[in-house]
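Chain letters run A, B, ... following the sequence lines, proteins first, then strands; residues in each count from 1.
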There are 2 protein chains.
Amino acid sequence: MSIETDIKQSKFRNPHHKAALNLLFTANWLSNSQACLLKPYDLTPQQYNVLRILRGQYPNPIRVNDIIERMLDRMSNASRLVDKLLLKGLAQRTECLHDRRAVDVVISEAGLNLLAELDNLQDHWENKLQQLSSEEATLLSDLLDKLRSTSETSC
Amino acid sequence: MSIETDIKQSKFRNPHHKAALNLLFTANWLSNSQACLLKPYDLTPQQYNVLRILRGQYPNPIRVNDIIERMLDRMSNASRLVDKLLLKGLAQRTECLHDRRAVDVVISEAGLNLLAELDNLQDHWENKLQQLSSEEATLLSDLLDKLRSTSETSC
DNA sequence: TTACATTATATGTCAATACATTTAATAGAA
DNA sequence: TTCTATTAAATGTATTGACATATAATGTAA
């Protein structure tokens with residue numbers, strides 16, 4: 001369905017405005033569908049994102065600060081997200097040897113198992129994007145990269 | 001900057017997975033920059049979105065339910081967002097004549113003035129997307145429409 | 001008309017988030 | 001060394017959000 005129909009708006013200031021609204025709308029759509037899939041496993045999309053980052057480093061530990069740099073949403077509280085994962089036994093936390101301010105986080109066996117189980121769901125989620133060909137998906141990604149390539153800092 | 005650098009991940013399962021992560025990351029990036037611009041005016045992106053929907057109907061009223069259908073993020077609580085706008089004097093709420101369950105919401109003079117002031121900021125925000133040509137912006141929007149064109153319901 | 005289902009909105013609740021502040025460790029300059 | 005700045009992570013707090021439920025009006029079938 002076109003964005004015009006989805007948000008019941010027929011006119012946009014210009015193609016850029018339309019693209020911006022469509023981007024926000026589509027990201028919400030995708031994020032909500034992911035949240036819905038993860039709900040039965042008692043994981044939020046953010047927790048899932050952190051868990052996958054941990055798996056990406058496994059068996060090496062990663063520090064909280066490095067997790068933040070890899071997160072899709074930088075604004076969220078990585079420290080508390082890790083807390084949640086610890087509470088569920090999906091990760092382990094140990095003091096970093098060389099820097100006692102820092103903390104090493106590693107995904108646990110249970111975390112790896114849960115992710116393995118969720119990999120099938122992830123396929124299902126990615127299939128939502130199968131309306132696009134591989135070439136189109138690459139083109140979309142390139143356009144998004146270009147969109148962000150402003151020199152501006154802050155706001 | 002490419003998404004690889006931004007989230008420090010060099011490999012993706014496939015082009016679709018990469019596009020999905022890029023979409024979520026870019027939407028957060030855009031949304032955060034908008035929040036940052038709006039902050040001095042004590043408006044959240046969601047409140048701003050509702051205010052613009054109200055202006056789109058002005059001078060006609062719009063019902064809360066119709067606001068929800070136009071919102072970029074359907075999950076948020078439209079009723080409380082409208083509350084916030086009323087509290088700030090940016091909108092007015094009157095009982096709907098023909099259906100006493102419903103409520104008519106109209107943007108106020110103050111709301112219109114605030115939006116007029118913000119239109120310049122909005123230009124600035126849209127300029128973030130000026131890295132793309134008009135054709136590219138349209139292409140991006142079309143790809144997003146296509147991405148959402150799955151027949152699936154729910155998750 | 002009476003039931004009952006549906007619709008529109010509001011509210012209660014608890015978790016998640018944003019953002020500022022705190023605590024503690026490290027780095028570097030004087 | 002001492003002082004100060006910086007960095008890493010945790011915490012406090014107020015706001016926002018999701019989601020279930022409540023309230024009230026409307027529509028509809030018997």
Check: C/dT9 base within 3.5 Å donor-acceptor of B/Arg101 side chain: no
Which part of the nucleic acid, if any, lies within contact of B/Arg63, taking any heavy atom under 4.0 Å across all strands shown: a base, the sugar-phosphate backbone alone, or nothing? sugar-phosphate
Closest-nucleotide 5' rank along DNA chain D - winner of B/Gln47 and A/Asp104: A/Asp104
Closest to the 5' end of DNA chain C, once B/Arg93 and A/Asp73 are matched to their nearest nucleotides, is B/Arg93
If we ignore angles and hydrogens, is there a donor and acceptor under 3.5 Å between the side chains of A/Ser2 and A/Glu4? yes
5' priority, DNA chain C, between A/His98 and A/Arg80 [closest heavy atom]: A/Arg80
Nucleotide nearest B/Asn77 (side chain, heavy atoms from C-beta), chosen from C/dT11, C/dT9, C/dC19: C/dT11
With a 3.5 Å cut-off and no angle check, do the side chains of A/Asn22 and B/Ser141 form a donor-acceptor pair? yes
Under 4.0 angstrom, heavy atoms only, what part of the nucleic acid is B/Asn65 near: base, sugar-phosphate, or nothing? sugar-phosphate
Can you list, pair by pair, the side-chain donor-acceptor contacts under 3.5 Å of residues 53-63 of chain A, counting residues two or more places apart and other chains?
unit_1  : atom_1 : unit_2   : atom_2 : d
A/Arg55 : NH1    : A/Asp119 : OD2    : 3.2
A/Arg55 : NH2    : A/Asp119 : OD1    : 3.2

In terms of the nearest nucleotide of DNA chain D, which residue is placed more toward the 5' end: B/Gln46 or B/Asp99? B/Gln46
D/dA10, C/dT9, D/dA9: which one has an atom nearest the side-chain heavy atoms of A/Ser79? D/dA10
Could you please name the option among D/dA10, C/dA16, C/dT13 that lies closest to any side-chain atom of A/Val103? D/dA10
Distance-only donor-acceptor test, B/Arg100 side-chain atoms vs D/dG27 base atoms, 3.5 Å: no
Would you indicate, yes or no, if C/dA15 has its OP1 or OP2 atom less than 4.0 angstrom from a side-chain nitrogen or oxygen of A/Lys84? no
Side chains of B/Gln47 and B/Lys88, donor plus acceptor under 3.5 Å: yes
Closest to the B/Asp83 side chain, choosing from C/dT11, D/dG17, D/dA9: C/dT11
